[in-house]
Each structure stands twice: as C-alpha cells, then as structure tokens.
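These notes are about the structure you will find just below.
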Amino acid sequence: MEKSFEPGQIESKWYAAWEASGDFKPSGQGEPYCILLPPPNVTGTLHMGHAFQQTVMDMLIRYQRMRGMNTLWQVGTDHAGIATQKIVENQLAVENKTRHDLGRDAFIERVWQWKEESGSTITNQMRRLGVAADWSRERFTMDPGLSEAVRKVFVEWYRAGLIYRGNRLVNWDPALGTAVSDLEVNNVERDGHLWSIRYFTVDGKDSVVVATTRPETMLGDVAVAVHPEDERHARLIGQMLRLPLSGREIPVIADDYVDREFGTGFVKITPAHDFNDYAIGQRHGLAPINIFTLDAKVNENAPEKYRGMDRYEARKAVLADLEDAGLLVETKPHKLQVPVSQRSDAVIEPMLTDQWFLDLTSEKGRKEITEPALEAVRGGEIKFVPENWSTTYTQWLDNIQDWCISRQLWWGHRIPAFYDEAGNIFVGENEADARAHATVAPVGALRQDEDVLDTWFSSALWPFSTLGWPMDGPVKDEHGNVVANWETDNVFLPSAVLVTGFDIIFFWVARMVMATKYFTGRVPFRHVYINAIVRDAEGQKMSKSKGNTLDPLDLIDGVELEPLVAKSTKSLLIPQVREKVEKRIRKDYPNGIPAIGTDALRFTFAALASYSRTINFDIKRAEGYKAFCNKLWNAARFVLMNLESPLPTGEGGAQAPGEGTGSAQLAASAAPSPQPLSRGERGSAPVTEAERWILTRLKQTLADVEQHFASYRFDLLAQELYEFTWNEFCDWFLELSKPALNGDDAAAAASTRHTLMVVLETILRALHPIVPFISEEIWHSVAPKLALDAKFLLERPWPRADEIVADEAATAEIEWFKNVLSGIRRIRAEMNIAPGKTIPLLLADGDATDRARATKFAAQISFLARVEAPQWIASGADEPAAAAAVVGSMRVLIPLAGLIDLGAEKARLGKEISRIEVEIKKCEGKLGNANFVANAPAEVVAQERQRITDWTTQLTALREQAQKLG
C-alpha cells in the first residue's frame, strides 16, 4: 500500500474493473432483490440530491448482493418531454429558427441527435459515485420496448373505457404552448392589486360591485354570484346585469361557494379561466366563454378593441376604459398567489382545451385504478419509510382528479389515436390496429393525434416495462444485446424498495402503483423510502438563483476558488445578489474546495440519512470523513507492516465472519480454519483477551448494522461503523495488540496478527457498501494474506454477526483495562505531562477483582501508559497528594510531587465532579418522569438506574479525593 490515501488514483481504476467484470448484473442465484432508479432526465446533470439518493440505493444494493441476494439495480433515463424539447428549441432560436421551420419529423430527428450527443452526461457522472448499477440493462423511456409498452397501456385503458378525450379546464403554459400538471405549478406570492368594478343591472336602477385581481378576465364573465343566505343581496338574485365594456347580459346567481365576508359579497364568474368558477359554471349550466388564444392573447370572443392584445396589455386597456366609464370603484394593493410554471416560469393561464384524460374519479375509474392503489398502502402491501408519508399518499388519492395525460409537444410518445375526416376517433397501437378495432367505418384518410403523452405516463410503467413487459421473449437494444426478458425478469416485480423524494409521491409513486396493479396485478415495490431533501449548511434550499448549490463532483475532485465563484454566480442576474454570493463564497472557501474523494462524500450522505424531512450538508463534516478514510488507510498499513506473509501454519485466531462452507476458505498456509472463539477441529480460540474483546465488539456492531439496514437508518449504521472502526479497532485494538506483537509469547503474537487481519478484512466488507473504493483498494492488499480467492470485495459474503461467538468475560476485563488507561491518559493530557515520561502509578480501594486485573494487566498498563509498575496503597495508609481517576470503586492515582500542580489538579477534579453531577441529574430527570418509566422498555429503565449507581460511585470517590487534596 502507498503511504497516503489518494482517492483520485484509485476510483477510476476500480470502477472500470467492476463494470467490466459483470458483478453489477443479477447473479441468478438467491432471493430476488431489485431497486428501480428514479430515471433522471436525459437533460440532467448530477446534483446533490441525486448523489445523496444514489448513495443510499448503492449501499442497499451492495449490502444485499453480499448477503447472497440476486440483485438488480434497474437504471435508465427519462426523455423529459418539456425540458428536452425546450433545450433543442433554444438551440434553434440561436439559429433564428423554430421547430415549425423544421417540421415535426426533422425536429424529432434533431432531438434524437442531441440525446445521443449529450444524454449520457448524468449516467457517466453516476459512475463517478461508484453506483453498482446494471448498465447492461440501461433503458430509455423512448426506446422501442418501452414505447411499445406505452402504446399498449394507452390502448387497453382506452378500450376499457378508462381513457377519454374531453374539453376541460387545464393549467396552460402559454410560453411552452402546452398543458401542464397542477403538480408542475408553483404558487408564488407576489404584489398585486385588488380592483373593485361596478356592474349595473340591465334596467340601470341598481348595481353590484365585484372585486378581482384579474380585471382582463371580466371580458369572459358569464355571471355574478352571491351566497344564497346573504340577506343584503337577496333581492338581486335572478336579475340580469350588463357586463361593462362588453354589453353582454349576465345573471346574478346564488351559490354556496361565495364567501359572504369577503369584499362586497359578490363574485364574478369566469368559468373558462378559473378552476373554481368552472365548477360553479357546471353546477349552474353556464356555458364558458374563452377569451384567450393559446399564446395568452385576447381572442375574437372579446370586444374588437382588445383583440390581439397580450393579457397584461389588455389589463391596462380594460382598467383605463373602466375608469373613463366611471365604473372603476377602487384600486388597492393586494398580496396574491400567482400560479407559475416550474418549466418556463410563465404565469399559468387556466384554459379550456381538448385533452386526453385517465379516469380516476368515476365509479369505474375508482374501482379499477384508484382504489387498488389506495388499498396497496392501507392493506400493508406497500410500506412507507418514514411511515407518516403514507398519509400524504392516501390523502392525495382520496381527493384525486382525473389525470390530464396529453401534452401539446412534439418530443414524447405520440398519442396512438387517429381521426377521420368526419372527426371520429380511432385508437390502436398503430393505424392498422385502430382500423381493425373500429366500430364505424372511417371516413377518408386517418391522421394521427398531434399531441404526446405526459412524461409521467411512461414513467408510471417503469417497474414492469423495464423488465420486458409486454414483449414475448428477449428485448434487445440497438446493438443486439438483451436488456430484458419479461418471462424471466418478472421475478424482480415487486422490487424491494423505491428510494425517492417526497416531491414526486404524486407525480410518480402513486401512478406507478396504479399502472402496475392494473396491468400485472402486483405492487411495484414493497417499501418506499422517502429520502430527505439536501439543503446547505445553514438549512437553506439549494438553488442556482441563490448561488448556494454544490456540485458533487467539485467535492470529489476539488475546485479552485475562481472557478467556484464563476460557477456559483453564473445564474445570478441581479448585481446585488451576485456580489453578496461572491462575497460569501470567498469567505467560506478562501482556498476553494479541497478534493475529499467519493468515499468521504458517500460516508457524509450515509451519516446524514436519518428520517428527517431535510438534511443540512456541511462540507466540514465531509472533510471529517476524509480524515476517517485516512485513519482506515493508516490502520491497514500498520496491520500489514506487522504481518508475516503469508500467515504461518499453526497460528491461532479468528475466522472471518461470513466464511461459511460455501465460501472461500483460508488456505493451508494461513491459520488452520480459525472459527471465531470456537474450539475443536476448526481451530483454537484467539489467545489474548484483547482479541476476544474486539471480536465481541465486532459481533455487536455487525448485529446493529444489520438492524439499521433493515430499518433504513443509514445514519445509525454509519455511526456504528465509524465508532467501531475509528475508536475500537484503529485506536484501541491496534494499541492493545502492541504488547502481544512486541512480547515474548509467540503464540499470542501469532494469534494477534491473525485477528488483526481477520477483523480488518471484516471491517472492509462491512464498510464496502458505504465506501466502496477505499475498501476495495485495501482489501486487495489484505486478501492475499488470508488466501482469499474472490476477484472483488463485492463477491465476498456479508460478515454475519451470528458466526462470531461473544466473550463477555473478556470484554469486561478489557473494558476495565481501557478505563484504567483512559484515566491515566486523561490525567497526563490535562496536567500536560510529557508523553514519553515514565511516571509512578498508585492504585487505591477497589475489590479483589480489581486487584486480580491489576496484576494480570500490569505489564500492558506499564507498556501502554508509560507508567511504573502499579503499586497498591494499603487501606488506612497515608496517601501522597495525587491526581485521581476513578474506575468503578478503584482509584487510579498519579502522585503530584514533581509532576503536577496541586491547584491545577483541584480545578480538574472540580470540573470532573461538576460533569458527573450533570450526568446524574439527567438520569434522575428521566427516572422522575412517570411517562418515561411507564413507556420505555424495561431494559432502558434498568440501564438508567445502573448509570445513576455507577456515576454516584465515581462522584463519591472524586469528592473524597478532592477532600484529601484540601
């Protein structure tokens, strides 16, 4: 191994080797375990959310593969209809062209060309993260197989009466020229106005005043509504009003929707441009009047003066004319929620258009699609983690509307519907199929619908379309390679867990359940793990407009200050914001961002992956996990430098956990079948208590890690592995091994060397799902020493806790020893005693067990703590002034004479006494809480009581020591 850990030198080497080996493909053996990658947009680049989410998925895939599961991580990308079309249209704009200049076929060809050139950016970046995805099965939502699935689903739902075409109000993006989902609309608070306008009755004898934030829409008013129980205005119900500027007559109607307390109690009704008004119009049989073109200009249904005006231009003209006519009663500032398209930032215009819908609300639609999706979660077939997200899912489905599945785009899956010259609709997977299923003879030629399907329609089929449904036999890619086969691959449905964000529970999760249940009868996945949203260190949402985004690759590779400033301010148009962001970047990263490597970034994500809704990413924490990688690297070098190669025959020690009869065994040149702590024909137990202690702690760590994997508490499993690796192995066991390695007992030395190797190799396997690169690199130096024949670490079995035998007696002995060493070292550090200086050590009080342990560990204590042989102070004998640590009922004393300042020791004791008093109060607070005692597990309550006993013993001893010092 090299002297220092340099991640950049090893990452590309190992990833290329892994991918080429085929180890990411399903093994064909074991229980199926599948994860579906949420397909990133083909337009996308890797961001922190992707990196976090994919780290979680990769940890699960690597862990389950090592456990012997038949794992498939199904990857692919989404064609991202709106986003991709917008990119290519922007490219054409630079050439002073539009898609209409090219025509549909040439434009689609241009998009495919862009996809081939730029569409693999994010998948190549994913490889940098180390994802163990089966790239040989990579799919694209518009590849031939998936496109066939889309057509089949549309046709079957249509023929079942579940898809229909209708003229309905939708969210219209006038910039993109397409309907968008309400899930793709952000309501943004903006400063606006509330205008009050007078409408006179037809006879001119009375009038009403309505308030509106959109006066231009009055040109499409069809009524004015009042609450039926509003006595102030009851006389006007049924009367006719003359619509200002238009002259049309409109009625005054009564409807419960009206809020009597808001404004004057009158509400203008414009069904063609407001969702609530549309519902009122339907209840009262009012025909809507659309006054806008699809590019949000006033159409021919409005008075001639306003035709052709942009909606905001028309607003100014309408207000001016109302004021001239004396009908503008009041104008006042008003905060309002404006619907804005996520895709284009254009203000959404509710618009009546002909669209295709999936029926989710009729009796048939609810019974066949919506209710099965609800029952899948309510009945427990699908479980959300954390569980509270199931409420979000079910509430949305309980109140769902029919799904508008059509989009007025060219890039996407073209709707498989055809029209004859009489306007009749024929649906089929192609024109021939449509004609074959026609119930009436088509009139003339057929033309295909111009619209495409919502991107989420094809994504909803991802759990089964990627596995080859509905094709008979193998599905091949353009190179002739098999990418799926439904006949065999359906074993991966349902997949094990979907890892996704809460923001697409409606977009994607619910729709996958709907489609998969309907077409396969199965749920798409058993668990839905909702990962947190990554925010910056201060808890702010990461946004290019704020300049606080971090590029995962900049963290992995490092980036100098000036490129970082340029990248962070690139999207900032407002000079004041740009200056503010630049100042912050230069303050926070004066030297840029140092390279931390992929493993450190992944460990950071794992350590942050709790059940919380958001996580704050702090680069300082990532740098801390780079230090962890360095620690592991240096520990491995220590072990290897203290090892003969190969291990001599006859050395005792532990067999690596997970080495079952079917796994690669230690060769004859290694220790003979060293099963952990088991005696007999498979080998002898480790010689030293330190070895048996570290194996006991390893057993507990592995058991806890498996539990945390099962509950998706990646933060806790990362903490367990960090604590064991850093503190117990790298710090304590390497230290505790030195007396044996440097002693005269050859058996103890040989056994310790072997246990060092076994535990290190086990740690590498346990860490591999989180830090695959460094674990692989180190393992390839370790494996030959243990004669392991696996090609890669991913081929090694997961280390099983139940294959290690615990030795609680040895653990108690070593914990006592550790406490003694810690007490001595704490005194040395706090009293600033030179590390190399050998000092006297006195022991007082204690019991027979303490005396036996002190005798047994005397040589190790002297060796590791740099102290003289410990001496016991007889009971009642005079004691010299000394600094003290307490281990149980025993006092560990370092005489002050010539070493320690008496005043400083008094101060140190005072701090320690205060600390322990605080700990006791914490315990007493818990035990004094009736709810805690009644509801906490019995072992937890007992643990708190034992803690009070232990702390009290220490406190008593420290107070006595303080008294002795005056």
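The figures here come from the full heavy-atom set of this structure, side chains too, leaving out hydrogens, waters and symmetry mates. Position 1 is the first residue of the sequence; numbering continues from there.
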With rounding to the nearest 0.5 angstrom, report the CZ to CG distance, Phe154 to Leu358. 9.5 Å
Whether Asp449 side chain and Arg414 backbone form a donor-acceptor pair below 3.5 Å: no
Do we see a donor-acceptor contact under 3.5 Å between the side chains of Asp78 and Trp462? no
Ile369 CD1 to Asp359 CG distance, which is reported to the nearest 0.5 Å: 7.0 Å
Given the rule in the side chain to side chain contact (heavy atoms under 4.5 Å, CB included) test, do Leu236 and Val208 qualify, once you have shown the distances and angles that lead to the verdict? CA-CA 9 Å; Leu236 290 167; Val208 305; 3.5 Å; yes
Check this for me: Glu323, atom CD, are more than 12 non-hydrogen atoms of other residues, nucleotides or ligands nearer than 6.0 Å? no
Between Lys86 and Thr84, is any side-chain donor less than 3.5 angstrom from a side-chain acceptor? no
Treating His47 as the side-chain partner and His50 as the backbone partner, does any N or O pair qualify as donor plus acceptor under 3.5 Å? yes
Rounded to the nearest 0.5 Å, what separates atom CG in Leu294 from atom CG in Leu176? 12.5 Å
Do Tyr306 and Asp321 have a side chain donor and acceptor closer than 3.5 Å? yes
Distance only, no hydrogens: is a donor on one side chain within 3.5 Å (strictly under) of an acceptor on the other, for Tyr419 and Asn424? no
List the steps and the verdict of salt bridge (Lys or Arg N to Asp or Glu O under 4.0 Å) for Glu216 and Arg311. CA-CA 7 Å; Glu216 67 280 9; Arg311 52 185 165 169; over 6 Å; no
Quick check: do Thr516 and Val523 have side-chain heavy atoms less than 4.5 Å from each other? no
Over 12 foreign heavy atoms within 6.0 Å of CD, Gln342: yes
Are His413 and Phe457 near enough that their ring centres are under 6.0 Å apart? no
Would you call Glu368-Lys364 a salt bridge at under 4.0 Å N-O? yes
Donor on one side chain, acceptor on other, Arg407 and Thr178, under 3.5 Å: no
Under a 4.0 Å threshold between the charged nitrogen and the carboxylate oxygen, would Arg343 count as salt-bridged to Glu184? yes
Salt bridge check: are Asp310 and Arg315 linked by an N-O gap of less than 4.0 Å? no
Please check if any side-chain donor atom of Asn167 sits under 3.5 Å from a side-chain acceptor atom of Asp354, or the reverse. yes
Given 3.5 Å as the limit, does a donor-acceptor pair link the side chain of Asn299 with the main chain of Asn290, or not? yes
Below 6.0 angstrom between ring centroids: does that apply to Phe502 and Trp389? yes
If you measure only the distance, is there a donor-acceptor pair under 3.5 Å linking the side chains of Asn276 and Tyr257? yes
Do any N or O atoms from the side chain of Thr370 and from the backbone of Leu360 form a donor-acceptor pair under 3.5 angstrom? yes
Is it the case that the side chains of Asp255 and His284 hold a donor-acceptor pair, with the cut-off being a distance below 3.5 Å and no angle test? yes
Do side-chain atoms of His233 reach the backbone of Thr264 as a donor and acceptor pair under 3.5 angstrom? yes
Sub-6.0 Å ring centroid separation between Trp172 and His273: no
Ser459 backbone acceptor or donor facing Trp508 side chain under 3.5 Å: yes
Other residues, nucleotides and ligands only: do more than 12 of their heavy atoms fall within 6.0 Å of CD on Glu261? no
Students often mix this up, so state it plainly: with edges at 30° and 60°, are the rings of Trp456 and Phe507 parallel, tilted or perpendicular? parallel
Given 3.5 Å as the limit, does a donor-acceptor pair link the side chain of Thr201 with the main chain of Leu241, or not? no
Mind checking whether Asp221 and Ile269 have side chains closer than 4.5 Å, heavy atoms only? no
Modelled atom types, side-chain donor and acceptor of Tyr611 and Asn388, under 3.5 Å: no
Note: Arg104-Glu450 ion pair, threshold 4.0 Å (strictly below): yes
What's the verdict on salt bridge (Lys or Arg N to Asp or Glu O under 4.0 Å) for Glu381 and Arg522, showing C-alpha distance, side-chain angles and the deciding distance? CA-CA 9 Å; Glu381 273 192 284; Arg522 309 181 200 179; over 6 Å; no
A side-chain contact here means heavy atoms from C-beta on lying under 4.5 Å apart; do Val340 and Ile348 qualify? no
Between the side chains of Ser390 and Glu387, is a donor N or O closer than 3.5 angstrom to an acceptor N or O? yes
Could you give me the CA-CA distance, side-chain angles and deciding distance for His334 and Trp195, then say whether side chain to side chain contact (heavy atoms under 4.5 Å, CB included) is met? CA-CA 9 Å; His334 183 71; Trp195 290 278; over 6 Å; no
In Å and rounded to the nearest 0.5 Å, what is the CZ to OH distance from Phe384 to Tyr393? 6.0 Å
Regarding Lys367 and Ser362, do their side chains bring together a donor and an acceptor under 3.5 Å, going by distance alone? no
Does Arg526 use its side chain to pair, donor to acceptor, with the backbone of Lys383 at less than 3.5 Å? no
Just by distance, with hydrogens left out, do Asp451 and Gln408 show a side-chain donor and acceptor under 3.5 Å apart? yes
Val513 and Ile382: side chain to side chain contact (heavy atoms under 4.5 Å, CB included), yes or no, with the steps? CA-CA 9 Å; Val513 181; Ile382 298 173; 3.8 Å; yes
Is there a side chain to side chain contact (heavy atoms under 4.5 Å, CB included) between Asn301 and Arg307? Walk through the geometry before answering. CA-CA 8 Å; Asn301 292 329; Arg307 295 173 190 171; over 6 Å; no
Do the two ring centres, one from Phe357 and one from Tyr164, sit under 6.0 Å apart? yes
Hey, could you give me the OG/CD1 distance between Ser181 and Ile405, rounded to the nearest 0.5 Å? 12.5 Å
Strictly distance-based, threshold 3.5 Å: is any side-chain N or O of Glu249 a donor or acceptor partner for the main-chain N or O of Met240? no
Enter the distance from Leu219:CG to Leu243:CG here, rounded to the nearest 0.5 Å. 7.0 Å
Applying side-chain hydrogen bond (donor to acceptor under 3.5 Å, both in side chains) to Thr331 and His193, what does each step give before you reach the verdict? CA-CA 7 Å; Thr331 301; His193 292 87; over 6 Å; no
Strictly by modelled atom types, are Asp454 and Trp403 linked by a side-chain donor-acceptor pair under 3.5 Å? yes
Where do Glu231 and Arg260 land on the salt bridge (Lys or Arg N to Asp or Glu O under 4.0 Å) test, with the steps shown first? CA-CA 10 Å; Glu231 297 176 356; Arg260 284 177 285 182; over 6 Å; no
Before you tell me yes or no, could you show the steps for Glu371 and Lys517 under salt bridge (Lys or Arg N to Asp or Glu O under 4.0 Å), namely the whole-Å CA-CA distance, both residues' side-chain angles and the distance that decides it to 0.1 Å? CA-CA 10 Å; Glu371 291 298 337; Lys517 283 288 285 185; over 6 Å; no
Side-chain donor or acceptor of Asp173 paired with backbone N/O of Gly177 under 3.5 Å: no
Going by an N to O cut-off under 4.0 Å, is there a salt bridge joining Asp206 and Arg235? yes
Are side-chain N/O atoms of Thr361 and Asp402 paired as donor and acceptor at under 3.5 Å? yes
